[in-house]
Amino acid sequence: MQDFIRDMPKAELHVHLEGTLEPEHIFALAERNQIEMEYKTPEEVIAAYNFHDLPSFLAIYYAAMGVLQTEEDFFELTYHYFLRAHEDNIVYVEPFFDPQGHTSRGVSFATVINGIHRAQVAAREKLGIESNLIMCFLRDASAESAMQHLHMSLAYRDWIIGVGLDSDEKDNPPSKFREVFALARQEGYKLTMHCDVNQVDIVDHIWQCLDDIEVDRIDHGINSLEDEKLCQEIASRGLGLTVCPVSNRFVVQSLTSQEIKAMLARRMKVSIHSDDPGYFRAYLTDNYLALIEEAEFSRAEIMQLNRHAFETSWAEDEQKQRYLEQLQQYSS
Ligand code: ADE
Ligand code: ZN
């Protein structure tokens, strides 16, 4: 089963590029960019990764991304991630990036996206990995700031497939960004939003994603199981739910294997992803392997989870069909 999972061609739809920063890389970039570090060794950094909720994780995540300064830094970050993804037999990625985490520090939108895009092109040419970029807005920043960044992104419209919403969910509901997402939709972007596990008013937030925003996908969304009607609506719309087991374990002390099974039983298109693998110390294969340690999953169930990732991806139809055939061949 472990070999089957490792070698299976996979799709990654929920990975924050800034969340792939490895401790050693944080140190190398800090030295190169002459940034003073609070910690003295990569081991000390890892020891500080004792997250217990979303804000405690985000505090370290935003502090560390300060080492990213130049276009080359963003290229390296992204290309390192693709090299690691290649080891996991990932063939298709929709990575997130957080432009406001950089423009707020004086790093230009162009610097960030030029570096990321160059790495995407190199990964396609050298590793055969296809990718489509998703720009996330920080929900604890203002709707005006999100709107400004949406306008900035339009100069790079062809390099971005969709927009998402991440960061601290408390008191920052989807409806705060109704106009921003409506305009993004008009511009042809696909829409997704984080509905992180066990947040205040989370079931209401998921309903807002459906009714007010009309999202194309949901990131996490585990708490939809608290409302049977909500589950039915998600299933009937065929919406993907990108669940990240190891990331969830930091908040709910479980890999949410039973919730994942409950979603499969309700024909919800749940799939498995890694979120912030540099911080949670688990890439995509590791997430699947952790999951099958917590609960029994058949090969057919693992295949189904991975098939959902390709089906609910925003790859072109023909490309999607090709991946699904490749997967079918792999299992037969
Ligand atoms: N930003 C990076 N990782 C995140 C997560 N898991 N939830 C919300 N915002 C994030
Ligand atoms: Zn996430």
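In listed order, ligands and their atoms are each counted from 1.
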Any side-chain heavy-atom pair of [X] and [Y] under 4.5 Å:
X: Gln120; Y: Glu130; value: no
X: Ile160; Y: Ile113; value: yes
X: Asp88; Y: Tyr288; value: no

Problem - Leu54: numbered ligand 1 atoms lying under 4.0 Å from its heavy atoms - result: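 That gives atoms 5 (C), 7 (N), 8 (C) of ligand 1.
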Practice task
Confirm or rule out an N/O/S atom of His16, from backbone or side chain, lying less than 2.8 Å from the Zn ion (ligand 2).
Solution key: yes
Practice task
Verify the distance test for Asp276 against the Zn ion (ligand 2): any N/O/S atom under 2.8 Å, yes or no.
Solution key: no
Problem - Within one Ile-Leu-Val-Met-Phe-Trp-Tyr cluster: Leu210 and Met268, side-chain cutoff 4.5 Å - result: yes
Problem - Option passing ring pair (Phe, Tyr, Trp, His ring centres under 6.0 Å) with Phe137 (candidates Phe177, Phe97, Phe181, Phe96) - result: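 Only match with Phe137 under ring pair (Phe, Tyr, Trp, His ring centres under 6.0 Å): Phe181.
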Practice task
Answer with side chain, backbone, both or neither: which part of Phe96 has a heavy atom less than 4.0 angstrom from an atom of ligand 1?
Solution key: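 No part of Phe96 comes within reach of ligand 1.
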Do me a favour and list the nearest non-hydrogen protein atom to [atom] with residue, atom name and distance?
atom: atom 3 (N) of ligand 1; result: Asp276 OD2, 2.8 Å
atom: atom 9 (N) of ligand 1; result: Ser167 N, 2.8 Å
atom: atom 7 (N) of ligand 1; result: Asp196 OD2, 2.8 Å
atom: atom 6 (N) of ligand 1; result: Asp275 OD2, 2.8 Å

Practice task
Classify the side-chain pair His151/Ser153 by whether it contains a donor and acceptor separated by less than 3.5 Å.
Solution key: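 No - no donor-acceptor pair under 3.5 Å links their side chains.
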Exercise for the section: Give yes if a backbone or side-chain nitrogen or oxygen of Asp98 is under 3.5 Å from a nitrogen or oxygen of ligand 1, and no if not. Expected result: no
Handout entry: Three-point angle His14:NE2, the Zn ion (ligand 2), Asp275:OD1, rounded to the nearest 10°
Key = 80°
Practice task
Anything under 30° is parallel, anything over 60° is perpendicular, the rest tilted; go ahead and classify Tyr323 against Tyr92.
Solution key: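 Geometry flag for Tyr92 against Tyr323: tilted rings.
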